[in-house]
Number of protein chains: 2
Amino acid sequence: MHVFWKKGYESTTLCDLIEAMGLSKSSFYDTFGGKNELFIATLDWYSDTVVASFTGQLRSRSAALGSARAAITEAFDMVVEAAAGPGGRRGCFLGNCAVEVSSSDPAAAARIRAGIGATENAFHDAILTGQDQGDIAAGSDPRALARSLTSSLNGLRVMAKVNPEEARLRDIARLALSVLD
Amino acid sequence: MHVFWKKGYESTTLCDLIEAMGLSKSSFYDTFGGKNELFIATLDWYSDTVVASFTGQLRSRSAALGSARAAITEAFDMVVEAAAGPGGRRGCFLGNCAVEVSSSDPAAAARIRAGIGATENAFHDAILTGQDQGDIAAGSDPRALARSLTSSLNGLRVMAKVNPEEARLRDIARLALSVLD
DNA sequence: TTAATTATGGACTCATCGGTCCTGAATCAA
DNA sequence: TTGATTCAGGACCGATGAGTCCATAATTAA
């Protein structure tokens, strides 16, 4: 997954893959079936673990901080730091894949849609909580807010690819979160 | 450029290119030098014409409507319509390229950065005008607002790749513009 | 110890990639 | 009409892509 993440689908070769996994070519094909099958598997894995962990984190931090809004802010802070730090130019795995393959690989596109949808749902839940708690504007449609945050996160990651300067990214994150006011 | 736009850099072959241009292979190499040279040229061309036209449009519509904010809103509306319409899944040329090649092709990355920077500057100018006119919040840093809009536009295009449903995109655009309040 | 399973390395196929080169046809200026 | 230039077409190149196959080595179970 990390190889696909760093180099993109088309640019990763079988050789990259087996080298990263320390596997022989035969074992690779026995185990994963092929490059595309592995790719699909990494998308599934990403949704099942990374996105799921993000969802859980958002929920548990909402509880710990007593504020869903603070948890969302924290999540954006972490993304900003990761994007500004070394290796931050990798962007978002799902976002990268969405851009690169979603129009040419339907099976991958479905996974990407599901993963992004799950992210959106995580924000949605947090926003509902925040609206109950009173620090997120109750007048706004929570679904629209969730979509906005998800979109902002993707935009942020694209911007980080172009210029990973932390101050710029902070500006963007701050304004992205202002929709919650 | 349209071939690169639709298929991405890695996935476009020489054959795709010469077919789209109706050129022979020899003429192609005589004229453009090679695949990568052409790619760089398309990025330059995009900045010089498409981005420049966007900048001009934003300025002239600001004047025509007597409101920079209305011109910005109009620009987002157009992006939403284009992204939701047929062929909208192509995304943003610069955004796609940023995701795909900005970490592996420095020459391309420089062009992409310049193009995105020019877009940001276009927004910046419009925001200054709008703040003068009074329909854009004067308290906000115009540079930060411009970055936010640029980022939002990229996020919007990524979201459109995943799900080009117009209503969703409108939600996102509306909230992206709310930073101007 | 032996039999069965699993993993490995490397040779191999076939397609396609970007790119070069050369020949012959078309175009065009004088 | 002629001579120079431009263009098309296709043969060709080396490299590399994904994927197959098989013989052998390592592991495991009985």
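Quick note on labels: first sequence line is chain A, next is B, and so on, each numbered from 1.
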For the pair B/Arg69 and B/Asp181, find out whether any cationic side-chain nitrogen is under 4.0 Å from an anionic carboxylate oxygen. yes

Is the closest side-chain donor-acceptor distance between B/Tyr9 and B/Asn36 under 3.5 Å? yes

Can you name the residues that form a side chain to side chain contact (heavy atoms under 4.5 Å, CB included) with A/Glu19, not counting sequence neighbours? A/Cys15

When you measure from every atom of DNA chain D, which of residues 1-9 of chain A have a heavy atom less than 4.0 Å away? none

Protein-nucleotide distance (B/Ile18, atom CD1; C/dT20, atom C1'), rounded to Å: 14 Å

From the list A/Asp171, A/Asn154, A/Ile172, side chain to side chain contact (heavy atoms under 4.5 Å, CB included) partner of A/Met159 resolves to A/Ile172

Tell me the interatomic distance from A/Glu19, atom CD, to C/dG9, atom C1', rounded to whole angstroms. 15 Å

Can you name the residues that form a side-chain hydrogen bond (donor to acceptor under 3.5 Å, both in side chains) with B/Ser27, not counting sequence neighbours? B/Ser24

Whether A/Trp5 and A/Tyr46 hold their rings parallel, tilted or perpendicular, with breakpoints at 30° and 60°: perpendicular

What pairs of donor and acceptor atoms, side-chain ones from residues 78-92 of chain B against any protein atom, are under 3.5 angstrom apart with sequence neighbours left out?
residue: B/Arg89; atom: NH2; partner: B/Lys161; partner atom: O; Å: 3.0
residue: B/Arg90; atom: NH1; partner: B/His2; partner atom: ND1; Å: 3.2

Holding to side-chain hydrogen bond (donor to acceptor under 3.5 Å, both in side chains), I want the full list of residues that pass it with B/Asp16, two or more places apart in sequence or in another chain. B/Lys7, B/Thr13

For nucleotides 9-22 of chain D, read 5' to 3', which letter fits each nucleotide if B means a protein heavy atom sits under 4.0 Å from the base, S means only the sugar-phosphate is that close, and - means neither? BB------SSBBB-

Nearest-Å distance, CE (A/Met21) to P (C/dA7)? 13 Å

